[in-house]
> 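Once you've had a glance at the structure underneath, I'll fire off some questions.
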Amino acid sequence: MEQYIIKGGNTLAGEVEIGGAKNAALAILAAANMTNETVHIDNLPDVRDINALLEAMEGIGAHIERIDRHTVTVNGSGVENFIVESESMKKIRASYYLLGALLGKYKKAQVPLPGGCNIGSRPIDQHLKGFKAMGAVTKVEHGFIIAEAKTLHGAHIFLDMVSVGATINIMMAAAMAEGNTTIENAAKEPHVVDVANFLNSMGASIKGAGTDVIRIRGVKSLHKTEYSIIPDQIEAGTFMFAAAVTGGDIVLHNVIPKHLEATSAKLLELGCTVHEYDDAIRVIGPKKLLATHVKTMPYPGFPTDMQPQIAVSLALADGTSIVTESIFENRFRYVDELARMGASVKVEGNIAVISGVEKFTGARVSAPDLRAGAALVIAGLAAEGITIVDDIYYIERGYENLDKKLKALGAVIEKVASEKEIQKFQLKVG
Ligand code: UD1
């Protein structure tokens, strides 16, 4: 088991390169199996979730070549097994994207019920509703979701709630269905648009991605493409809050500032200075953060994946803030950990009332999920003394070299794997 050990109190300053969007990459890799030709994908983040999906794709017969750390080619012509049977797949929620991709191309798929972060019950009824409307039969047996169709046809699908996963999954299946599909109340997240652009570059006909009505004309086959994945708005946002809590000055490169508007707007309310450039953004933290209120919403609202990071920042702000989580019901599990560092947060259902404190003090805490884990690291950067974050396995699902990138900005942080290494660090930093 590895940990991050952090000596807080340093002001972070400098430049950081943001990687490709994990959540876009997961869907794009799954969709790459929908052609028999070789697809070239770059700006891929080298994180656990991505590597687990690549492994599972090889397990069903796809040929993957790793050109370099952030570039792969995928050739799905060898896919002949539609049963995705990989232990690692159970751990990542996006295993369900193989359902839409394989159903679209081969009209059948069997995928383990999704796992991923424990941040709520996370049903996939809307995905299945879409597949059924297109003529598929779906069932759950022995821990697998099985979807099959004699022919997959276009349909008019109205999603009951805005779901990123359902929108993308239905879009993939519909790309190779017979006829036209309309998805209403579709998710508008940047990665929905990225997956649509990717499919279109393979010859699909998808219009309206980025609005709440997406229209797809099914095509018979898809072809090769070369594609670069969009930057990760959540990784970027995490560094923006790291600048905020440390009174730092960080320039982030390889970002799309438009995708970060909700985050930037909140940082301004917190008292930060934010400068936007074409593909870079600079955040300067204030001497003292200001309290504000925030409610998570589907894009373009404030992302639920940034909720723990802003909450950590508000816990150090001057005054009382209210954070409302409206997407997932179980996303305040980090609050008890943060309390160990001196934060004052009261959770009532999906609302957290945060009374800002003067400072955090370092403590041993454990990452309850991916984004909350990153938020605890941010808390450690701002804390007085030493913080140890356990269970960083979660953090590494979605952040590439978080420790190294923070170190380059002036943080005192190490990845350690034993009590001995922890003691060594403590001796070193005093
Ligand atoms: C994706 C992201 C995740 C992010 C979330 C919201 C990936 C791999 N994960 O998750 O990081 O936090 O979007 O931006 O891209 N729902 C249902 N039935 C369904 C589908 C969803 O009830 O069939 C509910 C969910 O429980 C949740 C809400 O709809 O309350 C939104 O979920 P959704 O957008 O689908 O999230 P994911 O795609 O799972």
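One-based numbering, in listed order, for ligands and for the atoms of each.
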> With a 4.0 Å cut-off on heavy atoms, is Ala187 touching ligand 1?
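The answer is no: ligand 1 sits nowhere under 4.0 Å from a heavy atom of Ala187.
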> Check whether Asn43 reaches the backbone of Ile229 with its side chain - one donor and one acceptor, N or O, closer than 3.5 Å.
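Answer holds: yes.
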> Which atoms of ligand 1 have any heavy atom of Gln126 under 4.0 Å away?
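That gives atoms 18 (N), 19 (C), 23 (O) of ligand 1.
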> Is Glu348 salt-bridged to Lys346, going by a charged N under 4.0 Å from an acidic O?
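Salt bridge flag = yes for Lys346 with Glu348.
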> Would you mind telling me if ligand 1 is within reach of the side chain of Thr304, the backbone, both or neither, using heavy atoms under 4.0 Å?
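It is the side chain that touches ligand 1; the backbone stays farther off.
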> Using a 4.0 Å heavy-atom threshold (strictly under), name the region of Ala166 that reaches ligand 1: side chain, backbone, both or neither.
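Neither part.
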> Within the 4.0 Å heavy-atom shell around Arg331, which atoms of ligand 1 are there?
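Close to Arg331: 12 (O).
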> Is it the case that ligand 1 has an N or O less than 3.5 angstrom from some N or O of Lys22?
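No - when backbone and side-chain N and O of Lys22 are compared with those of ligand 1, no distance drops under 3.5 Å.
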> Can you tell me which portion of Val164 lies within the under-4.0 Å heavy-atom range of ligand 1? Options are side chain, backbone, both, or neither.
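Near ligand 1, Val164 shows its backbone as well as its side chain.
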> Which residue from Leu26, Val195, Ile327, Asn23 reaches closest to atom 30 (O) of ligand 1 through any of its heavy atoms?
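When every heavy atom of Leu26, Val195, Ile327, Asn23 is considered, Ile327 comes closest to atom 30 (O) of ligand 1.
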> Are the charged groups of Lys132 and Asp125 less than 4.0 angstrom apart, N to O?
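Here Lys132 does not pair with Asp125 in a salt bridge, since their nearest N and O are not under 4.0 Å apart.
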> If you measure from atom 36 (O) of ligand 1 to every heavy atom of Tyr299, Phe328, Tyr97, which option wins on shortest distance?
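That would be Phe328.
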> Between Glu325 and ligand 1, find which residue part has any heavy-atom pair under 4.0 Å and reply side chain, backbone, both or neither.
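Near ligand 1, Glu325 shows nothing, with every heavy atom at 4.0 Å or more.
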> Taking NZ, NE, NH1 and NH2 as the nitrogens, is one of them in Arg48 or Glu400 under 4.0 Å from a carboxylate oxygen of the other?
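No, Arg48 and Glu400 are not salt-bridged.
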> Salt-bridged, Arg331 to Glu325, with N to O below 4.0 Å?
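Salt bridge: no.
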> Under 3.5 Å, side chain of Thr181 to main-chain N/O of Ala177, donor-acceptor pair present?
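Looks like no, no N/O pair under 3.5 Å.
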> Which of the atoms in ligand 1, numbered in the order shown and given with their element, are less than 4.0 Å from a heavy-atom of Tyr96?
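Ligand 1 atoms under the 4.0 Å threshold to Tyr96: 37 (P), 38 (O), 39 (O).
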> Take every heavy atom of Gln307, measure it against each atom of ligand 1, and state whether any distance is under 4.0 Å.
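Not so, Gln307 does not reach ligand 1.
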> Do NZ/NE/NH1/NH2 and the carboxylate oxygens of Lys405 and Glu17 come within less than 4.0 Å?
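Salt bridge absent between Lys405 and Glu17.
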> Which is closest to atom 20 (C) of ligand 1 in terms of heavy atoms, Ala27, Gly165, Pro123?
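Minimum heavy-atom distance to atom 20 (C) of ligand 1 goes to Pro123.
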> Quick one: side-chain hydrogen bond (donor to acceptor under 3.5 Å, both in side chains) pairs with a partner in residues 154-173, sequence neighbours left out?
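Only Gln126-Asp160, His127-Asn169, Lys129-Asp160, His156-Glu184 qualify under side-chain hydrogen bond (donor to acceptor under 3.5 Å, both in side chains).
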> Taking non-hydrogen atoms only, is Val162 closer than 4.0 angstrom to ligand 1 via side chain, backbone, both or neither?
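Near ligand 1, Val162 shows its backbone, while the atoms from C-beta on stay back.
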> Can you run down the salt bridge (charged side-chain N to carboxylate O under 4.0 Å, His left out) pairs that involve residues 18-34, sequence neighbours left out, and say none if there aren't any?
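Every salt bridge (charged side-chain N to carboxylate O under 4.0 Å, His left out) pair that includes a residue of residues 18-34, provided the two are not neighbours, is Lys22-Asp49.
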